There are 2 protein chains.
Amino acid sequence: MTEQLGLRERKKQRTRQTIFEAALRLFLSRGFDDVSIVEIAEAAEVSKRTLFTYFPTKEDLVLQQFADHEDESARVVRARPAGTSPLAALHAHELDALARRDPVTGLTSDPDAVAFARLLSTTASLSERLLRYAGRSIDALAGALEEAGADELTARLAAVQIVTVLRVLADRNSARMQAGHPADEVYPEAVAAADRAFLLLGAGLADALPG
Amino acid sequence: MTEQLGLRERKKQRTRQTIFEAALRLFLSRGFDDVSIVEIAEAAEVSKRTLFTYFPTKEDLVLQQFADHEDESARVVRARPAGTSPLAALHAHELDALARRDPVTGLTSDPDAVAFARLLSTTASLSERLLRYAGRSIDALAGALEEAGADELTARLAAVQIVTVLRVLADRNSARMQAGHPADEVYPEAVAAADRAFLLLGAGLADALPG
DNA sequence: GAGAAATTTGCACCTGGTATAGTTATCTAC
DNA sequence: GTAGATAACTATACCAGGTGCAAATTTCTC
């Protein structure tokens, strides 16, 4: 378990962490667009050139951590208990995440997480770039659904629906948090919304949008 | 019907068109990233500053025309015949668009349209920015669905699902076109995929993704 | 400790985009 | 048609994100 890393590797990790923390601190206090790359580099005591070897774009300073979560839905589907449908597994996982106040649900009163979410939603270039990660998340989920027996078209359509619906739920929760409502207060609505969303995903829109 | 425009206004329209055509021609022949703004400005015989008064960003040189289509789904829902469900109206509209080889479906063999689609799908910054227009399309459709009687959450969830599914269909058709298949050959599959997609939207994923 | 390999740096450079201030063209009213 | 008024355009200088390159520094290996 204990990774034996050389000094070189440890220094790299420390440098990356230092840059990231400096960037986040500056972004949160003054906004993404009002902080320049050189400023971050100075705060982290590295050269501009070095900063860019760790983070290829300014947006990645904020978003690269999302790469860790990009296959979460796919993993949930793959790890589901026998006899459970992919949708049921994802539904259960979302309810569990809400109960845990997992930041990915948007439902958390943790000030840092709320501030971070605000940074994302108020910065156009960040919310746009975030969609790139959503795309990879869709690809991963589609792959898992194919493994579960769906044909390619169905898997892709289902994956894109599921991922975008989860995003809508998270956005709504996050908006409530940013409006100052405590997570515990919003929790029941968040659960109801998730239930509604998975009902629509599973049973379709026909009944919900009658003629 | 005949708009009486002054010389000033006519010149502006001509200038905008000239810039747009120069940009598109250069982009198509050499790729979005390998053509600079100054090059386009020179080709259109305007100053760089003037170019930016017409198109606020380089991406808008390609994408601004999508603004016209951003409320298409919403209009279809609002204009649906009495007794028709929103989903049925959108389904019928998509089938009609496929039959007409409307470029928005991705199903067209028109070389210019195919080249344009390739430009979009091969340029990261363009496909990302395109999602901004998708966002507005979702907002518009959600509004129309609320008018049709859906509650706010349902309308939003349905809208996001519908718009993203239509995008998936268009992307797939466009990919087939770029691979060189003629539209008439792909048409039956495209119809089948659209039918499948609207079936899933209407009846849900439960049956399609069993445990 | 020497040399190889990786990391960091400084510097020059490119591109997209903006600010400003001045020039040119069109419009309106007489 | 001419005189402003007004809108559009241009040149220039500038900023920020990002890259290429060669030199300098640091870590690794033996």
Side-chain angles (χ1 to χ4, degrees), chain A residues 3-24 26-27 29-64 119 123-130 132, chain B residues 3-24 26-27 29-64 119 123-130 132:
Chain A
E3 306 270 350
Q4 193 57 1
L5 295 174
L7 173 59
R8 191 175 270 172
E9 211 55 36
R10 270 178 290 142
K11 269 206 170 178
K12 273 174 71 176
Q13 289 194 3
R14 230 194 39 197
T15 303
R16 157 176 281 268
Q17 190 63 19
T18 305
I19 296 172
F20 171 70
E21 283 167 6
L24 201 57
L26 288 168
F27 287 155
S29 77
R30 296 193 359 236
F32 186 77
D33 295 321
D34 282 346
V35 177
S36 80
I37 287 283
V38 283
E39 229 173 324
I40 298 167
E42 279 164 13
E45 297 182 296
V46 296
S47 74
K48 175 183 162 187
R49 206 67 188 70
T50 297
L51 187 153
F52 277 117
T53 68
Y54 284 93
F55 300 92
T57 70
K58 191 182 181 185
E59 283 77 20
D60 286 316
L61 279 166
V62 178
L63 298 179
Q64 230 174 46
L119 183 67
T123 310
S125 63
L126 287 178
S127 20
E128 264 169 55
R129 184 65 71 100
L130 201 48
R132 185 181 299 190
Chain B
E3 307 269 349
Q4 192 58 3
L5 294 174
L7 173 57
R8 191 176 271 174
E9 210 55 36
R10 270 178 290 142
K11 270 205 169 177
K12 272 174 71 175
Q13 289 195 3
R14 230 194 39 198
T15 302
R16 156 176 280 268
Q17 189 64 20
T18 305
I19 296 172
F20 171 68
E21 282 167 9
L24 201 57
L26 289 167
F27 287 155
S29 78
R30 293 183 14 227
F32 186 78
D33 295 322
D34 283 346
V35 177
S36 79
I37 287 284
V38 282
E39 228 174 327
I40 299 166
E42 279 165 13
E45 296 182 298
V46 296
S47 74
K48 177 182 163 188
R49 207 65 186 70
T50 297
L51 187 153
F52 276 117
T53 68
Y54 284 93
F55 300 92
T57 70
K58 192 181 181 186
E59 283 76 19
D60 287 315
L61 279 166
V62 178
L63 298 179
Q64 230 175 45
L119 183 67
T123 309
S125 61
L126 288 178
S127 20
E128 264 169 55
R129 185 65 72 101
L130 202 48
R132 184 181 298 191

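This one's a predicted model, so the numbers in the text were calculated from it and none came from an experiment. We name chains A, B, ... by the order of the sequence lines, and we start the count at 1 in each one. Below, all heavy atoms of this structure are taken into account, side chains as well, without hydrogens, waters or symmetry copies.
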Q: Does the protein touch nucleotides 2-10 of chain C at the base, only the backbone, or not at all? Give it as B, S and - per nucleotide, heavy atoms under 4.0 Å.
A: ---BSSSBB
Q: What residue pairs, at least two apart or across chains, pass ring-ring contact (aromatic ring centres under 6.0 Å, His included) with a residue in residues 33-55 of chain A?
A: none
Q: Of all the heavy-atom pairs spanning A:Leu51 and A:Ile40, show the shortest one and how long it is.
A: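 Minimum heavy-atom contact is CD1-CG2, 3.8 Å.
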Q: So, using side chain to side chain contact (heavy atoms under 4.5 Å, CB included) as the criterion, who are the partners of A:Glu21 when residues are at least two apart?
A: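 A:Glu21 satisfies side chain to side chain contact (heavy atoms under 4.5 Å, CB included) with A:Gln17 only.
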Q: Could you tell me how far apart B:Leu61 (CG) and C:dG16 (P) are, to the nearest whole angstrom?
A: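 Those two atoms, CG and P, are 10 Å apart.
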Q: Once side-chain hydrogen bond (donor to acceptor under 3.5 Å, both in side chains) is applied, do any residues pair with B:Ser125, and if so which ones, sequence neighbours excluded?
A: B:Glu59
Q: List for me each residue that meets side-chain hydrogen bond (donor to acceptor under 3.5 Å, both in side chains) alongside A:Thr53, sequence neighbours excluded, and say none if there are none.
A: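 Partners of A:Thr53 by the side-chain hydrogen bond (donor to acceptor under 3.5 Å, both in side chains) criterion come out as none, since no residue qualifies.
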Q: If the helix axis at each end comes from five base pairs, how far does the helix from C:dG1-D:dC30 to C:dC30-D:dG1 deviate from straight, to 10°?
A: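 Rounded to the nearest 10 degrees, the bend comes out at 20°.
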Q: What residues in residues 30-44 of chain B put a non-hydrogen atom under 4.0 Å from any atom of DNA chain C?
A: B:Val35, B:Ser36, B:Ile37
Q: For A:Ser36, enumerate each residue passing the side chain to side chain contact (heavy atoms under 4.5 Å, CB included) test, keeping only those at least two apart in sequence or located in another chain.
A: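 A:Ser36: side chain to side chain contact (heavy atoms under 4.5 Å, CB included) contacts with A:Val38, A:Glu39.
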Q: In chain order, what residues pass the side chain to side chain contact (heavy atoms under 4.5 Å, CB included) check against A:Arg8, with sequence neighbours excluded?
A: none
Q: What pairs with B:Glu128 under salt bridge (Lys or Arg N to Asp or Glu O under 4.0 Å), at least two apart in sequence or on another chain?
A: A:Arg129, A:Arg132
Q: List for me each residue that meets ring pair (Phe, Tyr, Trp, His ring centres under 6.0 Å) alongside A:Phe32, sequence neighbours excluded, and say none if there are none.
A: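 If we apply the ring pair (Phe, Tyr, Trp, His ring centres under 6.0 Å) test to A:Phe32, skipping adjacent residues, the hits are A:Phe27.
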Q: Which side-chain N or O atoms in residues 41-48 of chain B pair as donor and acceptor under 3.5 Å with protein atoms at least two apart or in another chain?
A:
{"from": "B:Ser47", "atom 1": "OG", "to": "B:Arg49", "atom 2": "N", "distance (Å)": "3.4"}
{"from": "B:Ser47", "atom 1": "OG", "to": "B:Thr50", "atom 2": "N", "distance (Å)": "3.1"}
{"from": "B:Ser47", "atom 1": "OG", "to": "B:Thr50", "atom 2": "OG1", "distance (Å)": "3.1"}

